[in-house]
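The next block holds one structure in the form of structure tokens; read it before the comments.
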2 protein chains.
Amino acid sequence: MEAYDFIKKAIIQGDYKSGKRLTEESLAKELKLSRTPIREAIKRLESERLITPLKRGVIVRKFTREDIKQIYDLRALLEGYAAAQGAIERNDENLQKMKEANDNFRKILKETNAKDSEQIKEIMNVNNNFHQGVLEASQNEHLRFHISNVTVLPLVFRSFYWYNQQQLNRSLELHETMYSAIYSKDRERAKTAMLEHIYQGRDHVLKHIEENDLFEEEEKK
Amino acid sequence: MEAYDFIKKAIIQGDYKSGKRLTEESLAKELKLSRTPIREAIKRLESERLITPLKRGVIVRKFTREDIKQIYDLRALLEGYAAAQGAIERNDENLQKMKEANDNFRKILKETNAKDSEQIKEIMNVNNNFHQGVLEASQNEHLRFHISNVTVLPLVFRSFYWYNQQQLNRSLELHETMYSAIYSKDRERAKTAMLEHIYQGRDHVLKHIEENDLFEEEEKK
DNA sequence: AGTTGATTGTTTGTATACAAAGTGATACGA
DNA sequence: TCGTATCACTTTGTATACAAACAATCAACT
């Protein structure tokens, strides 16, 4: 369990890069554990598809452009639905959580113009809290589970590092639109804002990896 | 791997019933394996949420009415989207597969009025093939993965056992509507038919378990 | 009688040893 | 030089042993 959390975090944060080979023994040595708990962690990560099985051992999963597009489409579908449902089902606690996240978001953007890594972590955090709030508002545990599997990808996680100030402001704006829509039980407006927010993220990520040529192309035959 | 398949199948088919305690040793004895491969299987099933971890060991997951509703809502969302996308992205191979499934479906319904368990298995099979075809047509691997995790639940799997002839006919009808909609690239009609098909399934399952009082209620405090 | 504590047995967590299977390198022959 | 066979090495798969955590039972004390 400890091993699972450690490896998962390392993958999401990009410490273990795409394509990196993970062998049980080296992980065991690094985490000072035997191979047994490592094996369990690997099996779980495999079924979450964060790692790819080879004929022999596993590597950290590689994502193609096509993957990114598909994943964001899926995310838009799921989170759009969550926003729409949330607008109907939300309770006071949910509203509270969303509001708090947005207040903090605004505070962070106001206080500092410096884009240091501390600020980015805080932004990732409030962004996460807000989405969490929307999800909880939807009152659908299963929806929540599937979204969390879609959101956890390294590229999604790291995307905030490449946002500029204007994009961050737009994000906050959309969060606040969502909040007010969910508050006033406006399904459609909540959904629309969520979709724009997510597509903003998608375009941003795609552009970033295009510009930086971040994809090692898959092997050509 | 072998252990994983075996246990998963047993759960889906209902051989291991909801709430059944699974201990590593007894499974090891039953499958004539050591505990190690059993452990891996259990970890995977846990992350697919087919089993629930206890403080000590695991049990086959119990589903509540609320679970069923949420799962079907999710399935409608995902498969509805798959149908809509499929109507745009489908290729000849996809169409072929869907058509074949439906032809077989019709044949099965025509040939036999007897509702024996052999027929039911065949129907589950063609139904599965058709949905598979729609999924493939959507050309979204990630969508496919998530749907497969939603569809695999015991109650969903077994639902065909309780369909009557009229409901089966209606299912086929909807399949054929979907096929023709996807063939002629009619997004909306494809989606609508899929939604009706899935909600038909949901209402059916809910009614069945209501009538047969299939839920042991969760413990009351 | 009811509550608490100790004891015993069961089940999981972790480590390790050994077998099996894949990978790579080298040497030999065509 | 190229291909192939063999051998050594690495890495995973499985079994098993032991330790730790938990559960259940029973007894003793209030």
Side-chain angles (χ1 to χ4, degrees), chain A residues 1-12 14-63 145 154 216-221, chain B residues 1-12 14-63 145 154 216-221:
Chain A
M1 198 68 213
E2 207 178 323
Y4 167 76
D5 289 332
F6 180 92
I7 299 170
K8 183 167 182 175
K9 197 172 167 192
I11 293 175
I12 294 173
D15 302 333
Y16 293 165
K17 294 209 172 45
S18 259
K20 179 184 170 69
R21 178 104 191 267
L22 298 179
T23 71
E24 297 180 0
E25 198 129 4
S26 62
L27 286 172
K29 206 179 290 175
E30 186 174 352
L31 304 201
K32 293 193 165 68
L33 286 168
S34 80
R35 278 177 49 212
T36 311
I38 304 291
R39 288 181 71 71
E40 293 177 1
I42 287 180
K43 288 297 174 221
R44 288 192 60 174
L45 292 166
E46 206 178 305
S47 78
E48 291 174 23
R49 312 209 311 178
L50 282 174
I51 58 185
T52 313
L54 261 36
K55 207 177 298 184
R56 188 114 249 254
V58 299
I59 57 172
V60 177
R61 177 161 189 187
K62 296 177 181 175
F63 291 95
F145 171 71
E216 323 104 67
E217 234 29 74
E218 309 82 274
E219 69 276 31
K220 10 253 178 195
K221 353 170 197 177
Chain B
M1 197 67 213
E2 206 178 323
Y4 168 76
D5 288 333
F6 180 93
I7 299 169
K8 184 166 183 176
K9 197 172 167 191
I11 293 175
I12 294 174
D15 301 333
Y16 292 165
K17 293 208 173 46
S18 259
K20 177 184 171 68
R21 178 105 189 268
L22 298 180
T23 72
E24 298 181 359
E25 198 129 6
S26 62
L27 286 172
K29 205 179 290 175
E30 186 173 353
L31 305 200
K32 293 193 165 68
L33 286 168
S34 80
R35 277 177 49 212
T36 311
I38 304 291
R39 288 180 72 70
E40 293 176 2
I42 287 181
K43 288 297 175 224
R44 289 192 58 174
L45 292 167
E46 205 177 307
S47 77
E48 291 174 23
R49 313 210 309 178
L50 282 173
I51 58 185
T52 314
L54 261 35
K55 207 178 299 184
R56 188 115 248 256
V58 298
I59 57 172
V60 177
R61 177 160 189 188
K62 296 177 182 174
F63 292 95
F145 171 71
E216 323 104 70
E217 234 30 73
E218 309 84 273
E219 69 275 32
K220 11 254 177 192
K221 1 175 193 185

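This structure is a prediction, so every number in the text was calculated from the model and none was measured. Convention: sequence-line order gives letters A, B, ...; per-chain numbering from 1.
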Please write out the pairs of protein N or O atoms and N or O atoms of nucleotides 6-13 of chain C separated by less than 3.5 Å, giving the distance to one decimal.
| unit_1 | atom_1 | unit_2 | atom_2 | d |
| --- | --- | --- | --- | --- |
| dT10(C) | O2 | Arg56(B) | NH1 | 3.4 |
| dT11(C) | O4' | Arg56(B) | NH1 | 3.4 |
| dT11(C) | O2 | Arg56(B) | NH1 | 3.2 |
| dT11(C) | O2 | Arg56(B) | NH2 | 2.4 |
| dT12(C) | OP2 | Glu24(B) | N | 3.2 |
| dG13(C) | OP2 | Arg39(B) | NH1 | 3.1 |
| dG13(C) | OP2 | Arg39(B) | NH2 | 2.9 |
| dG13(C) | N7 | Arg35(B) | NH2 | 3.0 |
| dG13(C) | O6 | Arg35(B) | NH1 | 3.2 |

**Study point:** Interatomic distance, Ile42(A) CD1 vs dT14(C) P [rounded to whole Å]
**Key:** 15 Å
Exercise for review: With the side chain of Ser34(B) defined as its heavy atoms from C-beta on, choose the nearest nucleotide among dT16(C), dC22(D), dT14(D).
Suggested key: dT14(D)
Point to revise | Length of the line joining Ile38(B):CD1 and dT16(D):P, which is rounded to integer Å | key: 13 Å
Point to revise | salt bridge (Lys or Arg N to Asp or Glu O under 4.0 Å), paired with Glu24(A), selected from Arg39(A), Lys29(A), Arg56(A) | key: Arg39(A)
Revision key, fill the gap. Whole-Å distance, Leu27(A) CG to dA15(C) P, equals 14 Å
**Study point:** Distance, rounded to the nearest Å, where Lys29(A) contributes NZ and dT10(D) contributes P
**Key:** 11 Å
Exercise for review: Find the distance between CD1 (Ile11(B)) and CG (Leu22(B)) and round it off to the nearest 0.5 Å.
Suggested key: 6.0 Å
**Study point:** Of Lys55(A) and Lys32(A), the one whose closest DNA chain C nucleotide lies more 5'
**Key:** Lys32(A)
Exercise for review: Using a 4.5 Å cut-off on heavy atoms from C-beta on, say whether the side chain of Tyr16(B) contacts that of Ile51(B).
Suggested key: no
Exercise for review: Check whether any side-chain heavy atom of Tyr4(B) lies under 4.5 Å from a side-chain heavy atom of Lys43(A), and answer yes or no.
Suggested key: no
**Study point:** Pairwise distance CZ(Phe145(B)) to CD(Glu48(A)) - rounded to 0.5 angstrom
**Key:** 8.5 Å
Check your understanding: Are the side chains of Thr52(A) and Lys62(A) in touch, meaning some heavy atoms are under 4.5 Å apart?
Key -> no
